[in-house]
There are 2 protein chains.
Amino acid sequence: MSDPLAKSTAPLHSVHPASTQAIAADLIALLVAVTAGDPRVLTIQDQNALPSGPFELAHRSLQSGLRAWVERQTGLPLGYVEQLYTFADRDRTGAADQRIISISYLGLTREQAESSQYEASWRSWYEYFPWEDHRLGIPTMEKTLRSGLAAWIAAAPDQTTRSHRRQRAARLFGLEDHLWNEELVLQRYELLYEARLIPEALRGDGATAETAVAAFVPGDPMILDHRRILATGIARLRAKIKYRPVVFELMPDTFTLLQLQRCVEALAGKLVHKPNFRRLIEQQELVEDTGETSQETGGRPAKLFRFRRAVLAERAIAGTKLPVSGA
Amino acid sequence: MSDPLAKSTAPLHSVHPASTQAIAADLIALLVAVTAGDPRVLTIQDQNALPSGPFELAHRSLQSGLRAWVERQTGLPLGYVEQLYTFADRDRTGAADQRIISISYLGLTREQAESSQYEASWRSWYEYFPWEDHRLGIPTMEKTLRSGLAAWIAAAPDQTTRSHRRQRAARLFGLEDHLWNEELVLQRYELLYEARLIPEALRGDGATAETAVAAFVPGDPMILDHRRILATGIARLRAKIKYRPVVFELMPDTFTLLQLQRCVEALAGKLVHKPNFRRLIEQQELVEDTGETSQETGGRPAKLFRFRRAVLAERAIAGTKLPVSGA
DNA sequence: AACCCTTATACTCAATATCAGTATAATAGG
DNA sequence: CCTATTATACTGATATTGAGTATAAGGGTT
């Protein structure tokens with residue numbers, strides 16, 4: 001094979017001299033655990049930022065950089081790690097001559113004693129996205145949301161736009177005759193951003209709260225685009241649990257089937273049909289009986305199961321299914 | 001909200017001073033078109049490299065940087081663009097004090113007159129991955145592949161490893177009683193790399209062809225990890241066409257249902273069942289009749305259809321299904 | 001014109017997966 | 001001993017999917 005480095009630099013090229021521009025790289029970690037029926041994320045700085053760290057030359061790769069750094073700083077065992085997205089939007093930092101590329105990662109773990117030395121703490125992701133939790137039916141904040149959307153629709157400049165907005169809001173938020181689709185987390189966030197119903201939308205353009213079409217929808221914001229990264233991660237995870245056995249990374253070694261179900265429900269933000277859930281789990285032989293039972297269920301004792309690690313090898317990617325269909 | 005920049009830099013931090021290390025960013029474009037029943041990629045440099053360009057401060061975002069640059073250089077209309085993966089492995093370049101972060105993108109387009117001024121050309125992706133094309137049954141190169149895998153399995157140090165290798169090879173390549181799964185493109189590439197059945201595996205460690213377990217499997221290599229990026233893109237696309245109407249980005253304005261089917265088959269690398277394919281397309285109202293017919297089919301004239309652009313708005317992400325089940 | 005070859009288009013049938021509901025078992029607490 | 005609570009096991013209706021068959025409409029050939 002010819003040496004590509006010997007080639008001259010053409011407009012389309014595959015290897016070019018490194019530009020000595022001020023570019024820095026940043027790793028952002030979205031660490032998720034499920035505790036007591038709540039999906040939690042690790043946050044720092046008054047709970048409104050995701051942990052991050054610089055990518056350094058010493059790191060072998062992006063992922064190993066993140067792994068090393070998270071495990072050293074928090075002592076958390078990172079079972080499953082996957083790259084989420086890479087951002088480099090200009091308005092992420094103030095400086096115009098400086099560019100930060102942020103590579104975000106999703107990591108699944110189990111909640112540990114809080115590493116308070118770093119002012120880190122776990123928070124339910126529904127504190128940032130209250131409209132995403134449909135486990136107890138329509139969230140109570142729904143009224144604010146509906147009226148906010150209505151105001152945005154009404155504020156459209158013309159009839160066509162108005163109709164489009166109504167359609168889009170209905171589809172994304174399961175209004176009119178649309179069903180709620182729990183995977184559209186990012187699209188919903190983007191709509192709320194566009195509709196200026198969340199504080200992030202007013203940043204940077206010198207706008208004040210008065211410019212908002214209506215009152216903000218409940219839910220805490222985060223710094224920079226961290227809440228957007230969280231939305232991306234939730235969406236990815238909600239999609240993934242349906243065809244990959246990643247939930248088990250969030251479970252203790254042994255668990256009852258109901259505990260497993262509650263974990264899936266916590267992530268999906270909606271309840272699932274119990275008999276069907278059990279059938280699918282057992283049919284696919286995702287778990288094996290430990291022979292023990294748990295008495296702490298409040299009723300008949302439940303069998304304790306353990307994840308069959310063998311399935312990771314058997315179907316490494318081939319396919320497993322978890323039901324996230326209605327209750 | 002408090003200004004996060006005012007905070008001091010803690011071990012876990014969200015904003016930190018940019019490290020002035022030698023980090024550069026690179027955009028790599030995997031441009032795909034389907035022509036004459038062949039899925040093609042745009043290549044440069046004697047057809048063994050993907051086009052790439054530096055990410056510059058002037059770019060508004062990564063994606064807009066890529067778009068601007070590709071459209072300016074090639075004149076190709078990039079319909080659909082999606083981020084693939086970000087790499088920064090240390091051994092991607094020789095230099096130890098220099099790090100390149102590569103952000104790869106997948107773009108769908110339609111083949112144009114070759115922009116020969118940049119020595120770019122379209123090549124079938126099966127020239128790089130002959131083992132991925134199962135449209136005409138098992139590829140003819142299968143013998144080399146099988147014996148290579150057999151040698152790798154036999155070369156295992158102990159019985160357990162041997163058994164694992166056999167299982168893994170069987171699952172990925174559809175041997176023994178396993179079915180062929182067209183989505184496992186990257187996993188297959190990684191196995192071949194590990195088994196040293198492709199030239200890339202011998203780079204860098206001073207090894208020569210003699211160190212190889214067996215003869216290389218057919219298929220052209222590419223520079224750096226470009227063939228790996230191609231594998232990632234193929235896998236992503238094969239997965240995506242099943243639930244998103246992205247195929248239409250690769251089709252002309254009007255087309256017959258068989259043309260559409262051939263396009264899907266080209267991407268999936270396998271044939272699909274015609275009546276079922278048609279049923280699913282029509283059932284979902286993905287296309288609309290143009291009223292015209294095409295005589296160039298060799299048999300009964302076929303109706304010409306057009307993609308119903310409205311579905312992009314209706315189901316922006318909600319879900320469409322294309323069947324890629326057996327013929 | 002009759003025939004054949006080719007592709008288009010329309011239907012049918014069986015197997016499977018999914019959705020939803022109900023019945024029984026085993027514990028704790030009053 | 002009864003009741004509340006959860007666990008676990010079945011059952012039936014419906015939708016989806018996989019696979020096969022039949023008919024229609026062109027061109028070319030004898």
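Naming convention: chains lettered A, B, ... in sequence-line order (proteins, then strands); numbering from 1 in each chain. Computed from a prediction, not measured in an experiment: that's the story for all the values here.
Counting only distance, with no hydrogens or angles, the side chain of B:Thr293 and the backbone of B:Lys303 share no donor-acceptor pair below 3.5 Å. In this structure a side-chain-to-backbone donor-acceptor pair under 3.5 Å is present from B:Arg227 to B:Tyr128.
Looking at the side chain of A:Asn276, the nearest of the listed nucleotides D:dA19, C:dC19, C:dT9 is C:dC19. Distances from the side chain of A:Glu282 to the nucleotides C:dT9, C:dC13, D:dA9 place D:dA9 closest. Of the candidates C:dA26, C:dA8, D:dA19, C:dA26 carries the atom nearest the A:Pro301 side chain, counting heavy atoms from C-beta on. Closest approach to the A:Pro275 side chain among C:dT22, D:dT17, C:dC19 is made by C:dT22 (side chain taken as heavy atoms from C-beta onward). Taking every side-chain heavy atom of B:Arg300 into account, C:dT7 is the closest of C:dT18, C:dT7, D:dA9. The B:Lys303 side chain lies nearest to C:dA10 when the options are D:dA24, C:dA10, C:dT12.
Spacing between atom CD of B:Gln284 and atom P of D:dT16 amounts to 10 Å, rounded to whole angstrom units. In this structure, the CZ atom of A:Arg279 is 14 Å from the P atom of D:dG12, given to the nearest Å. The distance from atom CD of A:Gln259 to atom P of D:dT8 is 11 Å, rounded to the nearest whole Å. The separation between A:Lys274 atom NZ and C:dA25 atom C1' is 13 Å, rounded to whole Å. For the pair A:Phe277 CZ and C:dT18 P, the interatomic distance rounds to 14 Å; values are reported in whole Å. What separates NE2 of A:His273 from C1' of C:dT22 is a distance of 10 Å, to the nearest Å. The CG atom of B:Leu280 sits 13 Å away from the C1' atom of D:dA15 (whole-angstrom rounding). Rounded to an integer number of Å, the gap from A:Leu260 CG to D:dT8 C1' is 16 Å.
Geometrically, B:Arg238 does not engage B:Trp180 in a cation-pi contact, judged by NZ or CZ lying under 6.0 Å from the ring centre and within 45° of the ring axis. A cation-pi geometry, defined here as NZ or CZ lying under 6.0 Å from the six-membered ring centre and within 45° of its normal, does not hold between B:Arg306 and B:Phe255.
Counting non-hydrogen atoms under 4.0 angstrom, B:Leu258 reaches the backbone sugars and phosphates but no base.
In the model, B:Gln187 has no side-chain atom that pairs as donor or acceptor with a side-chain atom of B:Tyr189 under 3.5 Å.
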